[in-house]
Amino acid sequence: ARFLDDAEPARPGADALPRVSVVIAARDEEERIGECLQSLLAQDYPHLEIIVVDDASADGTPAILDAAVAQAPDRLMVIRVTERPPSWLGKTYALHTGASRATGEILLFTDADVIFEPSTVARAVGALQSARGDMVCVFPKLELHTHGEKLFALGFAQLFFAAFRPHRVEDRRSTAAVGVGAFNMVRRSIYERIGGHRSLRLTVVDDMALGRLVKIAGGRILVFASRELLRVRWQKGLSGSIRGVEKNAFAGLRYSWWRTIGASLGVLVLWLGPWIILARRATVGVTLLGGVSLLGQIIYGAGAAIALGLPVWYAPFGVAGVCLGCLALWRSALRTTLQRGIRWRGTLYPLAELRKYNKF
């Protein structure tokens, strides 16, 4: 993996550094948005504006935002949304609203629970400029507390990297493209060329779809991981992890039962297959094949564990994490199908409409 921590920060040169606008969609984020904003206000990048779009929060979020604005009125803007137009997701409309008010040449879309180290934005801008990129995606360090969270994250990471191949994104010959909700930095010029979030108004996995549209438009996407620069508490506990992907899992497979079944069969063959072979009496050749496959699986799992900052001894248990990820996918598919849509933050978005306007 390539780490943003190793990138050189952008430095003022012959030309002034570009202005960066951070856009955050927030709804009932009282638990961590204060810490998120303090970490953004502490950035050492000089030309930074922060825009938070409060999507009708009913908790303590508005009070926290008011206090933050009073602290830094010249750098922080809060926009309050009380109504959402038809055929828009709440989050995509909030991001669209924030981007429309932004003044930066570079837009950074992030989440309200992400914590930044002071040099994060400067290093991302430095990477964008030095590589002449159009978009920078950064996978944050996940704060994983329980064994259930760690197993689920390990399985999810293996499935994600196998399905979306982030290591191939920078290859222009490849169709691979990714986006990361925690950190999607994109040049305004290409963002406007692809139609911005208006093009993604009913796309649930809008972060990934943004990367896909940038790639289709000929943009160059740079992909990084983070050791310490960027961190987030992904989910709470195993049950929280399974519920946490309910909205995105089936959407990530384009609401397709065929893709869901295919992914499940892939898990059966690639992850469960070697264990089943070794548990049964088989010929020497078949047993050898199962052993080699299992070794490859454990090596792959070890790579995912290291990327997540987990001990390598988690690798043999990656199969359990992958099965949990598959369970979460089926739960997402069944709930979305049975309720004929996705219920998120108190609103039901009809499945037929989601399929019609999906851009991922």
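Fair warning: this is a prediction, and the values are worked out from it, not measured in the lab. Residue indices begin at 1 and follow the sequence shown.
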Asks: Looking just at side-chain N and O atoms, do Ser87 and Glu353 make a donor-acceptor pair shorter than 3.5 Å?
Replies: yes
Asks: Under 4.5 Å between side-chain heavy atoms, hopping through other hydrophobics if needed: is there a path connecting Ile115 to Val138?
Replies: no
Asks: Is it the case that the ring center of Phe3 lies less than 6.0 angstrom away from the ring center of Phe139?
Replies: no
Asks: Using side-chain heavy atoms (C-beta onward) and a distance below 4.5 Å, is Val81 in contact with Asp54?
Replies: no
Asks: May I ask you to check whether over 12 heavy atoms, not counting those of Arg340, lie within 6.0 Å of atom CZ?
Replies: no
Asks: Do you know which two heavy atoms are closest between Leu144 and Lys150, and how far apart they sit?
Replies: O-CE, 3.4 Å
Asks: Are any non-hydrogen side-chain atoms of Leu329 and Leu253 less than 4.5 angstrom apart?
Replies: yes
Asks: So if you build clusters from Ile, Leu, Val, Met, Phe, Trp, Tyr with side-chain heavy-atom gaps below 4.5 Å, do Ile342 and Leu334 land together?
Replies: yes
Asks: Rounded to the nearest 0.5 Å, what separation is found between the NE2 atom of His167 and the OG atom of Ser174?
Replies: 8.0 Å
Asks: Are any of the side-chain nitrogens in Arg198 or Glu192 under 4.0 Å away from the carboxylate oxygens of its partner?
Replies: no
Asks: Between Arg80 (side chain) and Pro62 (backbone), is there a donor-acceptor pair under 3.5 Å?
Replies: yes
Asks: Hey, could you give me the SG/CG distance between Cys36 and Leu41, rounded to the nearest 0.5 Å?
Replies: 9.5 Å
Asks: Quick one: side chain to side chain contact (heavy atoms under 4.5 Å, CB included) partners of Ala42, sequence neighbours excluded?
Replies: none
Asks: Kindly give the heavy-atom pair with the smallest separation between Tyr45 and His47, and that separation in Å.
Replies: CE2-O, 3.2 Å
Asks: Going from CD1 on Ile194 to CD1 on Ile216, what distance comes out if it is rounded to the nearest 0.5 angstrom?
Replies: 9.5 Å
Asks: Please determine whether a side-chain nitrogen of the Lys or Arg among Asp6 and Arg227 lies less than 4.0 Å from a carboxylate oxygen of the Asp or Glu.
Replies: yes
Asks: Calculate, to the nearest 0.5 Å, the distance between atoms CZ and OG1 belonging to Arg101 and Thr103 respectively.
Replies: 10.5 Å
Asks: For Glu149, which of Arg233, Lys236, Gln235 qualifies under side chain to side chain donor-acceptor pair (under 3.5 Å)?
Replies: Arg233
Asks: Are side-chain N/O atoms of Arg231 and Ser226 paired as donor and acceptor at under 3.5 Å?
Replies: no
Asks: Would Leu295 and Trp271 show up in the same hydrophobic cluster when neighbours are defined by side-chain heavy atoms closer than 4.5 Å?
Replies: no
Asks: Can you name the nearest heavy-atom pair linking Gly237 to Thr146, along with the distance?
Replies: CA-OG1, 3.9 Å
Asks: Hey, are Glu49 and Arg75 close enough for a salt bridge, meaning a charged N less than 4.0 Å from a carboxylate O?
Replies: no
Asks: Between Leu213 and Ile190, is any pair of side-chain heavy atoms under 4.5 Å apart?
Replies: no
Asks: In the structure I gave you, are the side-chain heavy atoms of Val322 and Cys326 within less than 4.5 Å of one another anywhere?
Replies: no
Asks: Side chain of Ser21, backbone of Gly104: donor and acceptor closer than 3.5 Å?
Replies: yes
Asks: Does Glu105 CD have over 12 foreign heavy atoms under 6.0 Å away?
Replies: yes
Asks: So, Arg32 and Glu143, do they make that salt bridge, N to O below 4.0 Å?
Replies: yes
Asks: Surrounding CH2 of Trp258 (heavy atoms of other residues, nucleotides or ligands, distance under 6.0 Å), is the total greater than 12?
Replies: no
Asks: Decide, yes or no, whether a salt bridge links Glu246 with Arg331 under the criterion of side-chain N to carboxylate O below 4.0 Å.
Replies: yes
Asks: Roughly how far, to the nearest 0.5 Å, is CG of Leu338 from CG of Leu351?
Replies: 11.0 Å
Asks: Could you walk me through whether Cys137 and Ile221 pass the side chain to side chain contact (heavy atoms under 4.5 Å, CB included) check?
Replies: CA-CA 7 Å; Cys137 303; Ile221 304 173; 3.8 Å; yes
Asks: Which atoms form the tightest heavy-atom contact between Leu17 and Ala10, and what is the distance?
Replies: CD2-CB, 3.8 Å
Asks: I'd like to check Asp206 versus Lys91 (side-chain heavy atoms, cut-off strictly below 4.5 Å). Are they in contact?
Replies: yes
Asks: For the CG atom of Asn184 and the OG1 atom of Thr110, what is their distance to the nearest 0.5 Å?
Replies: 9.0 Å
Asks: Please test Tyr191 against Met135 for side chain to side chain contact (heavy atoms under 4.5 Å, CB included), starting from the C-alpha separation and ending with a verdict.
Replies: CA-CA 9 Å; Tyr191 175 77; Met135 182 173 179; over 6 Å; no
Asks: Has the side chain of Asp28 got a donor or acceptor atom that lies under 3.5 Å from a matching backbone atom of Ala58?
Replies: yes
Asks: So, for Ser241 and Phe152, which heavy atoms are closest and what is the spacing to 0.1 Å?
Replies: CB-CD2, 3.5 Å
Asks: Under the side-chain hydrogen bond (donor to acceptor under 3.5 Å, both in side chains) rule, collect the residues that match up with Thr203, sequence neighbours excluded.
Replies: none
Asks: Establish whether Met77 and Ile33 are linked, either directly or via other cluster members, by ILVMFWY side-chain heavy-atom contacts under 4.5 Å.
Replies: no
Asks: Check step by step if salt bridge (charged side-chain N to carboxylate O under 4.0 Å, His left out) holds for Arg220 and Asp171.
Replies: CA-CA 9 Å; Arg220 185 179 185 191; Asp171 183 352; over 6 Å; no
Asks: Do the side chains of Arg212 and Asp207 get close enough for a salt bridge, i.e. N-O under 4.0 angstrom?
Replies: no
Asks: Working note: Asp59 + Arg27, criterion salt bridge (charged side-chain N to carboxylate O under 4.0 Å, His left out); need CA distance, chi angles, decisive distance, verdict.
Replies: CA-CA 9 Å; Asp59 64 354; Arg27 181 180 173 92; over 6 Å; no
Asks: Do His197 and Tyr93 have their ring centres less than 6.0 Å from each other?
Replies: no
Asks: Within the 4.5 Å heavy-atom criterion, are Pro18 and Gln129 side-chain neighbours or not?
Replies: yes
Asks: Does the side chain of Thr260 come under 3.5 Å of the side chain of Trp330 through a donor N or O and an acceptor N or O?
Replies: no
Asks: I'd like to check Thr283 versus Thr287 (side-chain heavy atoms, cut-off strictly below 4.5 Å). Are they in contact?
Replies: no
Asks: Please find the pair of heavy atoms, one from Val245 and one from Ala328, that lie closest to each other, and give the distance.
Replies: CG2-CB, 3.6 Å
Asks: Is there a donor-acceptor pair under 3.5 Å between the side chain of Lys359 and the backbone N or O of Ser199?
Replies: no
Asks: Do the two ring centres, one from Phe250 and one from Trp257, sit under 6.0 Å apart?
Replies: yes
Asks: For side chain to side chain contact (heavy atoms under 4.5 Å, CB included), just list the numbers for Gln297 and Leu270, CA-CA rounded to whole Å, side-chain angles, deciding distance to a tenth of an Å, and then say yes or no.
Replies: CA-CA 8 Å; Gln297 179 188 127; Leu270 296 176; over 6 Å; no
Asks: Any non-hydrogen side-chain atom of Phe109 less than 4.5 Å from a side-chain atom of Phe183?
Replies: no
Asks: For Gln71 and Gln38, which I'm curious about, is there any donor-acceptor pair between the side chains at under 3.5 Å?
Replies: yes
Asks: Looking at the rings of Phe161 and Phe156, which for Trp means the six-membered one, are their centres under 6.0 Å apart?
Replies: no
Asks: Are Leu272 and Leu289 connected into the same hydrophobic cluster when the rule is that any two of I, L, V, M, F, W, Y join if their side-chain heavy atoms are below 4.5 Å apart?
Replies: no
Asks: Just by modelled atom types, is the Leu107 backbone N or O under 3.5 Å from a matching donor or acceptor in the Arg187 side chain?
Replies: no
Asks: Using side chain to side chain contact (heavy atoms under 4.5 Å, CB included), reason through Val22 and Ile51 one step at a time and then give a plain yes or no.
Replies: CA-CA 6 Å; Val22 183; Ile51 301 172; over 6 Å; no
